[in-house]
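A, B, ... follow the sequence lines: proteins, then strands. Residue 1 opens every chain.
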Amino acid sequence: MPPALPIPASKLCESCLSARALISRPKTHQKLCKPCFLSTFESEIHATIVSTNLFTKGSRIAIGASGGKDSTVLASVLKTLNERYDYGVEFVLLSIDEGIKGYRDDSLETVKRNAIQYGMELVIVSYEELYGWSMDSVVESIGKKGNCTYCGVFRRQALDRGAERLGIHHVVTGHNADDIAETVLMNLLRGDLPRLHRCTSIITSSTSSPIARSKPLKYAYEKEIVLYALHKKLDYFSTECIYSPEAFRGSARTLIKALEKVRPSAILDIVRSGEAFSRMIPSQAQAMSNCARCGYLTSQKLCKACTLLEGLNKNRPKTIVEVEAGIEDEEVSSSLWRGIEAIKLVEEGIAN
Amino acid sequence: MTEQNITPNGATVPTFCKRCSTNSSVINLRTEHLCSDCFDKYVRSKCIKRMEAYRVRYNPPDTDTSPRRLLLPLSFGISSTTLLHLLNSQLQNQLARTTRTGFVLIVVHIDESAINPTVPLAEEGMRAVQEWFPDVGEYFIVRLEGIYGFSNAVKAFEMGVEEEERRGGGDWREKLKGLLGALPSPTSRMDLLQILRTRLITELARKYACEAVLWGDTTTRLAEKMLAETAKGRGFSVPWQTSDGDSPYGVKFLYPLRDLLKKELVVYVSLEVPTPLRPLCFGAAEEGEGKKKHAAVGKGITIDELMTQYFEGIEGQYPSIVANVVRTAGKLVTEGGVVRIGRCNICGLPRDGGGGELVLDAKTKLGESSSGEVNGNRSGGKKEGGDMCYGCARSVHGARPYEWPL
Ligand SMILES: [Zn+2]
Ligand SMILES: [Zn+2]
Ligand SMILES: [Zn+2]
Ligand SMILES: [Zn+2]
């Protein structure tokens, strides 16, 4: 066998300086070999977890698992780190069945395989059993327009209730740096200070929920998550929700992607700015009470889910209940915001 | 320019002004059609409201009634030219009513020809403007490289430059070119250029004994700035760059046009009455009127330019969002409770946590030394960006060794 040709210095991995570089890191444009990329990605998430004291030994923590790339990468990395650094945490997969045929039933199959692959317990809670409505029946009743509002509000409570059922007080979700940067910009455009205040926190022991939420991937770039899943050959489900096409994400996302192109660090820099804003907002404690109907914490008489359900159960077809943008749900849609989302940046090629 | 309605049979009829109902309308102002007279009143009232503090002062006899000195940076763009015009008429009114004025302007144009050969001819522009507005105060042209002249402000923050070279002084123009040329990207250059401008202007304000700087920023520009600074990691400094009042530079900042949209000023300067302002906007040939061919992403566009594009879209259809962003900026309070280790050596603002966590990678986060990348900072074992705020550390990250003037 002829000896391997030496690798020219310019093609060497910038970290180990021995293997050939195969990946240009989207976050820093650093050139890395595959093992170095994987371990850098993992150790950044480890650093995030350690520096924020995110986990305590002996606790049980639920991973909100949709079968998509973010939560699958999260589950895989947490399993790896838990073993490597002996976190001593028991992770459980918690999935929500929204009741969307041709979408959720397929992605749940992925989660079931993940449970076996990662050796984690899996619990599935459905909208049907929690609310008496599946998303299919919601859409049948109100149409596709505005259905994401229902889904978002329902999901937030569903994760909490699923966790409660398991006696778990901490749910980790797959929100990444791109998501957080997008939320920061959207909250600036909306002028939503309460949410601007909390959207960058690594962990929110929310006023509206007894269950803590955290985002271990808050500094991880979406592009690197995709690369990680690819190189680790992870088993994830990549079809878009049939009721919420990708196009819905709109211009804040487009803007983030354009900024990333201009300066790759921009996503991280927006998160950094968001963290500064969080400290610059005078805290106005919002009085919370229990929902008169279901007991969930809320700033109103009825919680959002119950307000929406009331509308559904009164069977007011085609009437979209416009929920006041409160601090509880992560997603709010209204015609105005969809309009803004539709604003295009001028030139071609900006979109990706 | 008259607004037209198209009737069902295809003929066009002028729309009438909603306020006076006599003249034809020139602008659809947030759903109200206005003629040029009524629009002019509207624009003036917005500016005057923000200048409340500078009305003519009536004496308790022992008080100082000499006019207060205000610095107006004039770029010959649409906003600063409009601001000069509005303040000129405010001064005329004060004189007519009281024979005194509440303030006097120091109009300063920063000549940036050192770094941009296509900028308008400063002397010519200044002469024309001065002819139109001869009585507002004093006019000055200052070269951007003049920043090297403020030696008391030069804190010798000179990265990677040896002591001897530092003393040599050298050609300011060349120094400035070298400084900006050393930066790693167009975004960084534009970012630091803005900082240089601000620092020079505040130095000048102090030199000319001005109590405040009157910036021409519109609502739209302030919103752009809010998002651009956010994207550059400068979120912590937004209040200092967008709010009326004391600035960390030792002079007040005021934004008298903060309640007007950029698109409104574009219409305003195009009107023939009361003053044809458009010909005086020497620097605005490609500003704000849709004439400018936008650079595409990836072809040298900067973050600031990207935000300008974004808000052109938003302002057109959703002006309330633009105001929303500025209102949000106004509610942010600079961190008082956080201990300030000191000022950023570059922008001069009280710095945030600093650039120490710039890369936010595992090594930096775990406190190990960073990979020894050469970025010109040879200050021994100090963490990169230790003397800078996060935003400045980001902008000079990867720069060649250079000499920083302040
Ligand atoms: Zn390597
Ligand atoms: Zn309820
Ligand atoms: Zn009128
Ligand atoms: Zn700085």
Exercise for the section: List the atom of B:F236, the atom of A:M280, and the distance in Å for their closest heavy-atom pair. Expected result: O-CE, 3.5 Å
Practice task
Take B:R234 and A:D269, measure what side-chain contact (heavy atoms from CB on, under 4.5 Å) needs, and give me the verdict at the end.
Solution key: CA-CA 8 Å; B:R234 297 187 183 279; A:D269 298 343; over 6 Å; no
Exercise for the section: Measure across B:G235 and A:S273 and return the closest heavy-atom pair with its distance rounded to 0.1 Å. Expected result: N-OG, 2.9 Å
Handout entry: Atom group of A:V184 that falls short of 4.5 Å from chain B, counting heavy atoms
Key = side chain
Problem - Minimum-distance pair of heavy atoms, taken over all atoms of A:G191 and B:N324 - result: N-ND2, 4.2 Å
Problem - B:T302 portion near chain A, given a 4.5 angstrom heavy-atom threshold - result: backbone
Problem - Engaged part of A:L188 at the chain B interface, taking heavy atoms whose separation is under 4.5 Å - result: both
Handout entry: For chain A, the option from B:T187, B:L332, B:I303 that forms the most heavy-atom pairs under 4.5 Å
Key = B:L332
Completion exercise
The reported gap from CG in A:L255 to CG in B:L227 (rounded to nearest 0.5 angstrom) is 7.0 Å
Fill in the blank from the handout: Distance col, row B:T230:OG1 vs A:L259:CG, nearest 0.5 angstrom, shows 10.0 Å
Problem - Residues which pass side-chain contact (heavy atoms from CB on, under 4.5 Å) with A:T56, listed by chain and number, not counting sequence neighbours - result: A:S59
Exercise for the section: State whether a side-chain donor-acceptor pair under 3.5 Å links A:R263 with B:S395. Expected result: yes
Practice task
Could you tell me which of B:A231, B:P239, B:G316, B:S237 has the largest number of non-hydrogen atom pairs under 4.5 Å with chain A?
Solution key: B:A231
Handout entry: B:R394 and A:S265 side chains, donor-acceptor separation under 3.5 Å
Key = yes
Completion exercise
d(B:I314 CD1, A:L189 CG) to nearest 0.5 Å is 5.5 Å
Handout entry: Per-residue contact mode, B:R327 against chain A (heavy atom under 4.5 angstrom)
Key = neither
Handout entry: Full working for side-chain contact (heavy atoms from CB on, under 4.5 Å) between B:T328 and A:F277
Key = CA-CA 10 Å; B:T328 308; A:F277 292 149; over 6 Å; no
